Protein chains: 2
Amino acid sequence: MADIARRPESRYGTRPTMKDVAARAGVGLKTVSRVVNGERGVTPDTERRVREAIEALGFRRNDSARVLRKGRTATVGLVLEDLADPFYGPLSRAVEEVARAHGALLFNGSSAEDPDREQELALALCARRVDGLIVIPAGDDHRYLEPEMRAGVATVFVDRPAGRIDADAVLSDSFGGARDGVAHLIAHGHRRIGFIGDRPRIHTAAERLRGYRAAMEDAGLPVRDAWVSPGSTDPDRVSTAVREMLAAPEPVTALFSGNNRVTVTVVRALARHGRPVALVGFDDIELADLLGVTVVAQDAAALGRTAAQRLFRRLDGADEAPERLVLGTTLLARGSGEIAPPAA
Amino acid sequence: MADIARRPESRYGTRPTMKDVAARAGVGLKTVSRVVNGERGVTPDTERRVREAIEALGFRRNDSARVLRKGRTATVGLVLEDLADPFYGPLSRAVEEVARAHGALLFNGSSAEDPDREQELALALCARRVDGLIVIPAGDDHRYLEPEMRAGVATVFVDRPAGRIDADAVLSDSFGGARDGVAHLIAHGHRRIGFIGDRPRIHTAAERLRGYRAAMEDAGLPVRDAWVSPGSTDPDRVSTAVREMLAAPEPVTALFSGNNRVTVTVVRALARHGRPVALVGFDDIELADLLGVTVVAQDAAALGRTAAQRLFRRLDGADEAPERLVLGTTLLARGSGEIAPPAA
DNA sequence: CCCAGTGATGACAACGTTGTCCAAGCCCTA
DNA sequence: TAGGGCTTGGACAACGTTGTCATCACTGGG
């Protein structure tokens, strides 16, 4: 990775500093600082002269230097999985809104589901001295953050819990949501239900699989190996899984898909399939209402908002024990989940 | 807006500095700096002692202080309209990837289509001394950025051009795309076509409206006032517009929608309508393929990537005149745009 | 007329890092 | 053995800001 900051000569047109402003206004450095920060103890006339100098020079305070003195940066880091995933956009935006209300700016970074990249990103943010860190984990070992947290970086995990450290986490009820979604299919008469999910090392994916199994077990239904397909969200992989489940010796009559990306591919695959097949997906999707796709919706914005609020509560001095908050999910019946199994 | 950095006492557990590391390793301050930065001139034995001290203390270099010395921050700011809009997620992600390849981190901020907020955000980023700024304009006067650009902040505008200043811009061909989309409808026999778009003070919205008019004029077709409805993307507003156009004395037989949010609402409204109505939308939408919605697609990721590349070229010293790059659009025929007008 | 009190102002150190420069130790050659 | 070069290390200033403290000019009361 190239490193900009290491390049020797700066091409910057030099910026005016408070010293320049002071010289131009014929006042002391500290007086400029006072004006800029709205501190009291400056006569209106002096203030006017300073403001004129600021205006004339196009001065803007260097917050980097300020940070060095003050300790706090009014900056928060958000490490997520992929900003291009429509699930994370609203989450990120919600974090941003809370940060903004607290006067903080937001660093954004995507881990691309790579633990090393997650770590690299989180530590780079710590080196920039963010006040707080919100992390959607890609990895399952976050001990690397311990020194940072001890040093005072408030840290909240979202969507998935931290691995091997004790930290705040804000999660959706993946287990309960999946269980409800599958139970919904069972209630509509299905007995052979397939599960297509993300890689099980991802916490949410494992939880949803667990929810699927729980619902089946609660109903006294068996689960065949051929009905369970965890793995990548690659469209080819998912399409193949759909095809195989529908062609198995004991074919499934309904599918539960483990997240938005899987659902999209499953919907496409089912559209190509002849008979209608019941489907419930985890995560809502834009236009799913028009397609009549029944989903278990989680509130991405609420996840982000809750996490950010918790973060700022800590930054405001709250000294509570790390806590795990679980947000509920909502089943939205739109048709695909209410299709009855074929009369056999 | 509250200001975190202004709070007096820092709750931070104090972090070790290079001085602490030097003391513990029994070497000079500068030697630690050398080790941390991989400079030569340190014996392996000394280096080992320093690394041990770093490890033991959990030291991490303070990049804020570093920045103060070096001038560059290896930080780029992105001001966009709304991170929760699925159009901007991929754009932001593309910018991030380019930034990452150059060793830079990304600040993200949403203007919420509010010019004041755009300015506030952009200037806050400048105060943080970002090396470069990528802006999706909400306002139409960017003279406030002139001092910053003179001071060396590389600036590139995306999606919409800057107002009242001369600056790089990377745009999609809104005019051409809209003209092609409307021409497509005309080619399928439509003569009364409605346009529902975003507020015309937004550059892209105005351009698309212009493209619509051009296509109609090229075909020698009249445009009735009742067929043109620029305005907010509020679902109620858009639904009403759809209803009115379909119920007008000379009802439209096809609609062109000006962006992704409008399209979504139009699709919903048309689904409630009895007869099929032809539709072409600007911007692609997830699952539009399944719904058979014909769209004029722009490549959001390419917009972001191109803008970021241009930004870093400038940061690398390129001293070219400001330029306007226009990226082409693609018409994706999926059914809704190929519906013939009713036999009259 | 003097002194304490008040308000405006500036000098200076400090934040944590890096660039510059100098010193000490070493090895080599003449 | 003197002199030169190379390697290693550290002292110090500087980056641009803010906190502390001292100074100065006034004010009003005794």
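Reminder, nothing fancy here: chain letters follow the sequence lines and each chain counts from 1. The model shown is predicted, which means the values in this text are computed figures rather than measured ones. FYI, side chains are in, hydrogens and waters are out, and symmetry mates aren't considered; it's all heavy atoms of this structure.
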(message) Please list all pairs meeting ring-ring contact (aromatic ring centres under 6.0 Å, His included) that have one or both residues in residues 40-73 of chain A, counting only residues at least two apart or in different chains.
(response) none
(message) Give me each pair satisfying ring-ring contact (aromatic ring centres under 6.0 Å, His included) with a member in residues 15-46 of chain A, each pair once, sequence neighbours excluded.
(response)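 Output for this query is empty, none listed.
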(message) Short of 4.0 Å, heavy atom to strand atom, which residues of residues 43-52 of chain B count as contacting DNA chain D?
(response) B:Thr43, B:Thr46
Of all residues at least two apart in sequence or in a different chain, which pass the side chain to side chain contact (heavy atoms under 4.5 Å, CB included) check with [X]?
X        : answer
B:Gln119 : B:Leu123, B:Tyr144
B:Ala124 : A:Leu105
B:Arg34  : B:Lys30, B:Thr31, B:Glu39, B:Val42

(message) Could you tell me if the side chain of A:Glu148 sits less than 4.5 Å from the side chain of B:Arg15, heavy atoms only?
(response) yes
(request) Could you note down all residue pairs passing salt bridge (Lys or Arg N to Asp or Glu O under 4.0 Å) where residues 16-27 of chain A supplies at least one of them, sequence neighbours left out? (result) none
(request) Among residues two or more places apart or on two chains, list those pairs meeting salt bridge (Lys or Arg N to Asp or Glu O under 4.0 Å) that have a residue in residues 106-119 of chain A. (result)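 Applying salt bridge (Lys or Arg N to Asp or Glu O under 4.0 Å) to every pair that reaches into residues 106-119 of chain A, excluding sequence neighbours, yields A:Glu113-A:Arg160, A:Arg117-B:Glu96, A:Arg117-B:Glu97.
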For nucleotides 14-17 of chain D, tabulate all protein N/O to nucleotide N/O atom pairs closer than 3.5 Å, reporting atom names and distance.
residue: D:dA14; atom: N3; partner: B:Arg69; partner atom: NH1; Å: 2.7
residue: D:dT17; atom: OP1; partner: A:Asn62; partner atom: N; Å: 3.1
residue: D:dT17; atom: OP2; partner: A:Met18; partner atom: N; Å: 2.7

(request) Can you pull out how bent the helix from C:dC1-D:dG30 to C:dA30-D:dT1 is, comparing the axes over its first five and last five pairs, to 10°? (result)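 Answer rounded to 10°: the end axes differ by 60°.
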(message) Run the side chain to side chain donor-acceptor pair (under 3.5 Å) test against B:Asp140 and tell me which residues pass, sequence neighbours left out.
(response) none
(request) Ignoring backbone atoms, establish whether B:Thr31 has a side-chain N or O less than 4.0 Å from OP1 or OP2 of D:dG9. (result) no
Any N/O pairs under 3.5 Å between the protein and nucleotides 20-26 of chain C? List them or say none.
none

(message) Would you say A:Thr73 and A:Asp131 are linked by a side-chain donor-acceptor pair, where the criterion is simply a distance under 3.5 Å?
(response)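 Yes, side-chain donor-acceptor contact under 3.5 Å.
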